[in-house]
Protein chains: 2
Amino acid sequence: MARPRSEDKENAILEAATRVICTHGLSAPTAMIAKEAGVSNGSLFAYFEKKVDLLNRLYVDLKAEMAAAALDGIPTESDIRTQVFHMWSNVIRWATDCPEKRRTLAHLSVSDDVTPESREKALGEIAGVAELVERARQNGPMRDLPLDFVAALMTALADATIDDMIRNPANADRHCAAAFDGFWRMIA
Amino acid sequence: MARPRSEDKENAILEAATRVICTHGLSAPTAMIAKEAGVSNGSLFAYFEKKVDLLNRLYVDLKAEMAAAALDGIPTESDIRTQVFHMWSNVIRWATDCPEKRRTLAHLSVSDDVTPESREKALGEIAGVAELVERARQNGPMRDLPLDFVAALMTALADATIDDMIRNPANADRHCAAAFDGFWRMIA
DNA sequence: TTTCTATGACTGACTAGTCACACTTAAGGA
DNA sequence: TCCTTAAGTGTGACTAGTCAGTCATAGAAA
């Protein structure tokens with residue numbers, strides 16, 4: 001009986017928030033996000049009751065998108081090292097292809113506005129990644145450590161590698177491969 | 001002939017800022033920092049012209065303190081692995097002993113308010129750490145990579161390890177040692 | 001006609017930084 | 001030893017600006 005809410009507008013707000021937060025940080029005004037999305041200030045609050053709600057939604061969405069990118073086209077017939085390297089490359093390609101998404105995700109990751117519930121949800125989204133890491137380390141020296149911890153070490157290495165690749169594009173591929181080799185010596 | 005500016009007050013402001021930013025983030029009001037330091041709002045701006053200046057100073061100070069802690073009591077007679085492990089343990093002890101400083105430093109590290117100049121300065125403060133890493137990797141598989149990159153990988157691993165130890169204190173020592181073993185397999 | 005969405009000016013709360021005035025220090029003169 | 005005075009520091013109420021979130025009104029769909 002009434003005018004339906006538009007999914008396009010919600011997406012426009014989320015995409016605008018990614019762009020604006022990338023450059024202005026989490027203190028980016030909602031008015032700026034709304035303007036960038038081509039939507040009125042008031043409408044933003046129709047789609048997301050509070051600014052924190054928008055932030056939490058964005059965090060989960062970006063994590064899910066990154067996880068989906070990581071698992072894209074994994075060669076399941078190949079040996080495990082090849083598969084994990086494929087995943088490693090996927091994550092790094094996603095991060096270098098979408099620097100705005102990565103930067104915004106980095107802002108969100110360290111924010112207190114992102115609730116433990118959202119972080120839990122995001123952990124669920126990256127289950128596929130964890131499963132691959134589990135198979136990779138199961139006969140290696142880190143086989144008795146909690147999987148979460150090993151996954152965190154991998155994420156830390158990948159993140160530092162991406163930072164380096166962005167700062168120093170000339171050696172990007174070489175450093176990407178070298179860091180993966182290091183990671184593999186560590187776990188396998 | 002005039003009343004001298006008090007170094008105690010400056011330190012009180014820096015320490016108060018560490019505590020307040022730890023819990024309230026970088027958006028902590030200057031008024032709150034001044035109150036915590038037992039100093040008037042106006043005085044804070046006598047010691048630090050702008051809020052960013054305080055933030056930058058705090059960043060460099062905390063980095064220097066961490067570097068000093070890292071190099072404390074290195075057994076220079078022992079083999080290189082022992083020395084690097086000593087440094088690794090020092091950093092991790094500092095971080096777990098002063099969680100407020102670490103958390104505030106983490107807030108500052110990702111902030112755009114911290115200028116490249118401050119980051120450069122901080123890099124100078126940790127030169128001793130870099131020198132040790134250089135000796136550790138010089139015959140290993142990462143000998144041809146830039147030292148900065150290898151140091152960044154170590155920092156990333158140490159940081160992820162500290163996060164894990166804080167979340168999961170029961171296994172702290174075991175994970176600390178296991179992560180160092182992994183790091184050593186990676187570089188040596 | 002009903003029931004919702006869309007708009008943007010507006011509100012109230014908050015914050016970085018200022019400023020006029022009060023106070024403190026130390027050097028120098030008596 | 002005490003007083004004067006120059007040259008600052010210390011204070012907190014205040015200003016100017018910002019921002020999250022609201023609300024009255026207009027308009028679209030059913």
Side-chain angles (χ1 to χ4, degrees), chain A residues 1-61 104 107-108 110-115 118, chain B residues 1-59 104 107-108 110-115 118:
Chain A
M1 331 177 175
R3 189 174 174 181
R5 225 178 257 194
S6 140
E7 200 170 308
D8 284 356
K9 258 176 202 168
E10 190 169 301
N11 287 330
I13 292 169
L14 287 164
E15 280 164 30
T18 305
R19 287 191 298 273
V20 172
I21 290 172
C22 171
T23 53
H24 292 76
L26 295 175
S27 60
T30 50
M32 193 184 282
I33 296 170
K35 194 176 178 190
E36 172 82 17
V39 146
S40 78
N41 187 6
S43 283
L44 188 146
F45 291 96
Y47 286 87
F48 301 95
E49 210 173 321
K50 308 274 171 195
K51 188 183 183 183
V52 246
D53 297 337
L54 167 58
L55 263 27
N56 276 273
R57 169 66 182 283
L58 193 57
Y59 175 77
V60 175
D61 276 18
T104 296
H107 276 127
L108 289 165
V110 300
S111 164
D112 292 328
D113 287 339
V114 174
T115 64
S118 298
Chain B
M1 316 186 184
R3 188 174 178 182
R5 226 177 253 198
S6 140
E7 201 170 307
D8 284 357
K9 256 175 203 169
E10 191 169 300
N11 287 331
I13 292 169
L14 287 164
E15 280 164 29
T18 305
R19 286 191 298 274
V20 172
I21 290 172
C22 171
T23 53
H24 292 77
L26 295 176
S27 60
T30 50
M32 192 184 280
I33 295 170
K35 194 176 180 190
E36 172 82 16
V39 144
S40 79
N41 187 5
S43 282
L44 188 146
F45 289 97
Y47 285 87
F48 301 94
E49 210 173 321
K50 306 275 170 194
K51 188 183 183 182
V52 240
D53 298 337
L54 168 57
L55 263 27
N56 277 273
R57 169 69 181 282
L58 193 57
Y59 175 77
T104 296
H107 275 127
L108 288 165
V110 300
S111 165
D112 292 327
D113 287 339
V114 175
T115 64
S118 298

Sugar-phosphate only, base, or nothing, as touched by Tyr47(A) at under 4.0 Å among non-hydrogen atoms: sugar-phosphate
Leu14(B) side chain reached by Tyr47(B) side chain, heavy atoms, under 4.5 Å: no
Per-nucleotide protein contact string for nucleotides 13-20 of chain D (B base, S sugar-phosphate only, - none; heavy atom under 4.0 Å): B-----SS
Enumerate, atom names and distances included, each donor-acceptor pair closer than 3.5 Å involving a side-chain atom of residues 53-61 of chain A, sequence neighbours excluded.
unit_1   : atom_1 : unit_2    : atom_2 : d
Asp53(A) : OD2    : Lys50(A)  : N      : 3.2
Asn56(A) : OD1    : Thr115(A) : N      : 2.9
Asn56(A) : OD1    : Thr115(A) : OG1    : 3.3
Asn56(A) : OD1    : Ser118(A) : OG     : 2.6
Asn56(A) : ND2    : Val52(A)  : O      : 2.8
Asn56(A) : ND2    : Asp113(A) : O      : 3.0
Arg57(A) : NE     : Asp61(A)  : OD1    : 3.2
Arg57(A) : NE     : Asp61(A)  : OD2    : 3.3
Arg57(A) : NH1    : Glu10(A)  : OE2    : 2.8
Arg57(A) : NH2    : Glu10(A)  : OE2    : 3.0

dA6(C) phosphate, OP1 or OP2, under 4.0 Å from Lys9(A) side-chain N/O: yes
Interatomic distance, Lys35(B) NZ vs dT11(D) C1' [rounded to whole Å]: 15 Å
Inter- and intrachain pairs under salt bridge (Lys or Arg N to Asp or Glu O under 4.0 Å), touching residues 22-31 of chain B, at least two apart: none
Non-neighbouring partners of Asp112(B) that pass side chain to side chain donor-acceptor pair (under 3.5 Å), sequence neighbours left out: Arg103(A)
For Ala34(A), side chain to side chain contact (heavy atoms under 4.5 Å, CB included) partners two or more places apart: Leu44(A)
Euclidean distance, atom CG of residue Leu44(B) to atom P of dG12(D) [Å, nearest integer]: 14 Å
Glu7(B) CD to dG10(D) P, straight-line distance once rounded to whole Å: 13 Å
Pairs touching residues 32-41 of chain B that satisfy side chain to side chain donor-acceptor pair (under 3.5 Å), sequence neighbours left out: Arg19(B)-Glu36(B), Ser40(B)-Ser43(B)
Short side-chain N/O contact to dT7(C) OP1/OP2 from Ser43(A), under 4.0 Å: yes
